[in-house]
Number of protein chains: 2
Amino acid sequence: MGELHAAVARRLERHDHRYTRRRRHLVETLARAARPVTLPQIATHSDELPQSSAYRNLEVLERCGVVSRIAGTADHAHFELAEPLVEHHHHLVCVACGSLEDVHLDQELETLVDAELAQAAAAAGFTPTHHSLDLHGFCQDCEPEQ
Amino acid sequence: MGELHAAVARRLERHDHRYTRRRRHLVETLARAARPVTLPQIATHSDELPQSSAYRNLEVLERCGVVSRIAGTADHAHFELAEPLVEHHHHLVCVACGSLEDVHLDQELETLVDAELAQAAAAAGFTPTHHSLDLHGFCQDCEPEQ
DNA sequence: CTCAGTGCAAAGGATTTGCATGCCG
DNA sequence: CGGCATGCAAATCCTTTGCACTGAG
C-alpha cells in the first residue's frame with residue numbers, strides 16, 4: 001500500500017496537485033474494493049464525503065492517470081485504479097444490474113488482440129491508447145430464471 | 001433494406017409492438033449511418049422528431065432486440081442496429097470526443113476470445129450473453145499534437 | 001372501441017460548477 | 001501571501017415520465 005501511495009503522489013506532483021487526505025482516502029477505498037465501484041459505494045466506506053468533493057477529486061485523479069472512470073449502463077459511473085497502478089484486466093458486466101467484476105485473461109491472447117487491433121486502427125487513421133474487452137451477461141445475483 | 005424491415009417487423013410483432021412510420025424511419029437512419037449515432041445526430045436526418053418519441057421508440061426497439069444502446073463517456077448515448085441484424089463488429093472509441101467507428105476483426109481471433117472469456121465466466125458463476133472489444137484512442141480529428 | 005403510439009411539458013437525477021472559505025507550502 | 005482544496009448550494013442537461021390526444025386494426 002505504501003508503494004501505491006508513493007506512485008500516486010508522484011503522478012499528482014507531476015500535474016501540480018497535492019495528495020491530500022481526501023484523495024488518499026479515495027485511493028485506499030478503490031484499492032481495497034478490488035472491483036470498480038460507484039460513488040455511492042465509495043461514500044459507504046467513507047463518512048462525511050461530500051459528493052462534489054468526491055467527483056472533483058475523482059476527476060483530478062483521472063486526469064493524473066490514477067483513476068479510470070467506467071461509464072456503463074448503470075445509473076452511476078464506476079471508478080477503479082488506473083492500469084499502470086494495477087494489473088491489466090477486463091470486466092464481467094452484468095446486463096441486468098450493471099455491476100462489474102474484474103477478470104484476468106491469458107497474456108498471449110492479450111498480445112494477439114493488441115496486434116490485431118493495432119492493425120485495424122492504423123487502417124482507420126486511429127491512434128490507439130488501450131483496449132477494453134468486456135464480457136456482458138448475468139451475474140450470479142441476476143441469473144435469469146431457467 | 002426490405003429484408004431488414006421484414007426482420008425488424010418480425011421482432012416487433014413477437015413483442016406485440018407495431019412497426020410504425022417513426023420506427024421504420026429510425027431503423028433506416030441507423031442502417032444508413034454505418035456507425036453508432038447519438039440522438040441529436042439522428043434528429044438531424046429527421047425533421048420534426050420529438051425527443052421523447054425518439055427515446056421511447058429507441059427503448060422499445062432495444063427491448064425487442066433491434067437496437068443496441070452504447071453508453072460511453074460522450075454526453076449522449078450512441079445507438080446502432082443490434083447484432084443479429086448487422087454483422088458482429090467492434091468499435092474505435094475516441095477518448096477525446098467520444099465518437100465511435102465500426103471495426104471488424106478476424107473471425108479466428110473472435111473465436112479465441114469467446115472461448116477464453118467463456119472459461120473465465122464459468123469460473124465466476126457468470127452467464128455470458130456477448131462480449132465487447134473496443135479500442136480506445138484518438139480519432140483522426142482529435143489526433144494529439146505530436 | 002380498444003389499446004398502442006405520439007408529443008408536449010414537466011420531472012428526474014447523476015454530475016458539474018459558482019463561490020466563499022480553509023489550508024498547505 | 002498564493003493557489004490549490006473543500007463543500008454547500010444551485011445549475012446543467014441527457015433522459016424519462018405524466019397525461020391527454022390520435023390512429024391503426
Side-chain angles (χ1 to χ4, degrees), chain A residues 5 8-29 36-44 46-64 66-80 97-100, chain B residues 5 8-29 36-44 46-64 66-80 97-100:
Chain A
H5 282 310
V8 171
R10 237 175 292 127
R11 282 160 201 277
L12 283 170
E13 276 169 32
R14 205 176 302 149
H15 291 257
D16 291 312
H17 282 300
R18 302 173 192 152
Y19 198 20
T20 62
R21 202 174 334 135
R22 276 245 172 287
R23 290 173 185 171
R24 195 176 295 263
H25 196 284
L26 279 174
V27 167
E28 283 182 5
T29 301
V37 290
T38 64
L39 191 130
Q41 290 170 339
I42 294 174
T44 296
S46 171
D47 289 334
E48 301 283 323
L49 174 59
Q51 289 199 341
S52 65
S53 293
Y55 278 117
R56 235 189 304 242
N57 280 321
L58 286 168
E59 190 217 311
V60 168
L61 291 169
E62 190 185 14
R63 276 211 313 276
C64 296
V66 175
V67 162
S68 291
R69 172 187 300 230
I70 305 163
T73 53
D75 285 352
H76 296 77
H78 286 73
F79 299 89
E80 66 179 358
C97 70
S99 69
L100 299 180
Chain B
H5 282 309
V8 171
R10 236 175 292 126
R11 282 161 201 276
L12 284 170
E13 276 170 32
R14 205 177 302 148
H15 291 257
D16 290 311
H17 282 301
R18 302 175 190 150
Y19 197 20
T20 63
R21 202 174 335 135
R22 276 247 171 285
R23 290 174 185 171
R24 194 176 296 263
H25 196 284
L26 278 174
V27 167
E28 284 182 6
T29 301
V37 291
T38 64
L39 192 130
Q41 290 169 339
I42 294 174
T44 296
S46 171
D47 290 333
E48 303 282 323
L49 174 58
Q51 290 198 341
S52 64
S53 294
Y55 278 117
R56 231 182 314 234
N57 280 321
L58 285 168
E59 190 217 310
V60 168
L61 291 169
E62 190 185 14
R63 277 210 313 275
C64 296
V66 175
V67 162
S68 292
R69 172 186 299 230
I70 305 163
T73 52
D75 286 351
H76 297 77
H78 286 73
F79 299 90
E80 66 179 358
C97 71
S99 70
L100 299 180

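Chain letters run A, B, ... following the sequence lines, proteins first and then strands; every chain starts at 1.
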Self-check item: Distance below 4.0 Å between R18(B) side-chain N/O and dG25(D) OP1 or OP2
Solution: no
Quiz item: So do Q51(A) and L39(A) actually touch side chain to side chain, heavy atoms under 4.5 Å?
Solution: yes
Quiz item: Between atom NE2 in H76(B) and atom P in dT12(D), what is the gap in whole Å?
Solution: 16 Å
Quiz item: Roughly how far, to the nearest 0.5 Å, is the CD1 atom of I70(A) from the OG1 atom of T38(A)?
Solution: 11.5 Å
Quiz prompt | Spacing between N57(A) atom CG and dA5(D) atom P, to the nearest angstrom | solution = 8 Å
Practice problem: Between F79(B) and R56(B), name the one whose nearest nucleotide on DNA chain D is closer to the 5' end. | Solution: F79(B)
Exercise. Supply the atom-to-atom distance Y55(A) OH to E62(A) CD, rounded to the nearest 0.5 angstrom.
Key: 12.5 Å
Quiz item: To the nearest Å, how far apart are H25(A) NE2 and dA5(D) P?
Solution: 18 Å
Practice problem: Measure the distance from CZ on R21(B) to C1' on dT22(D) and round it to the nearest whole Å. | Solution: 12 Å
Quiz item: When you look at V60(A) and R23(A), which way does the side-chain contact (heavy atoms from CB on, under 4.5 Å) test go after all the steps?
Solution: CA-CA 9 Å; V60(A) 168; R23(A) 290 173 185 171; 4.0 Å; yes
Exercise. Assign Q51(A) to base, sugar-phosphate, or nothing according to its heavy-atom contacts below 4.0 angstrom with the strands shown.
Key: base
Self-check item: Interatomic distance, H17(A) NE2 vs dG2(D) C1' [rounded to whole Å]
Solution: 16 Å
Practice problem: Note down the inter-axis angle between the two ends of the helix from dC1(C)-dG25(D) to dG25(C)-dC1(D), five pairs each, to the nearest 10°. | Solution: 30°
Quiz item: Going by heavy atoms in the side chains, are R22(A) and P50(A) under 4.5 Å from each other?
Solution: yes
Quiz prompt | For chain A, the stretch of DNA chain C it reaches, first to last nucleotide, under 4.0 Å of its heavy atoms | solution = dA14(C) to dC24(C)
Practice problem: Please state how far atom CG in D75(A) lies from atom C1' in dT16(D), giving the value in whole angstrom units. | Solution: 11 Å
Practice problem: Considering only NZ, NE, NH1 and NH2 on the basic side and carboxylate oxygens on the acidic side, decide whether E28(B) and R24(B) come within less than 4.0 Å. | Solution: no
Practice problem: Let me know, please, whether Y19(B) or Y55(A) comes out on the 5' side of the other along DNA chain C by nearest nucleotide. | Solution: Y19(B)
Practice problem: Provide, to the nearest angstrom, the distance between the CD atom belonging to E13(B) and the C1' atom belonging to dA24(D). | Solution: 14 Å
Exercise. Answer with base, sugar-phosphate or nothing: what part of the nucleic acid does R69(B) contact at a heavy-atom distance below 4.0 Å?
Key: sugar-phosphate
Quiz item: What integer distance in Å separates R24(A):CZ from dC4(D):C1'?
Solution: 16 Å
Quiz item: For the residue pair L26(B) and A54(B), what are the closest heavy atoms and their distance?
Solution: CD1-O, 4.3 Å
Self-check item: Side chain proximity check, L61(A) to L12(A), heavy atoms < 4.5 angstrom
Solution: yes
Self-check item: Sugar-phosphate only, base, or nothing, as touched by T20(A) at under 4.0 Å among non-hydrogen atoms
Solution: sugar-phosphate
Quiz item: Base, sugar-phosphate, or nothing for S53(A), non-hydrogen atoms under 4.0 angstrom?
Solution: base
Quiz prompt | Min side-chain heavy-atom separation E80(A)-L100(A) under 4.5 Å | solution = no
Quiz item: Please, which pairs that meet side chain to side chain donor-acceptor pair (under 3.5 Å) have at least one residue in residues 9-19 of chain A, sequence neighbours excluded?
Solution: H5(A)-Y19(A)
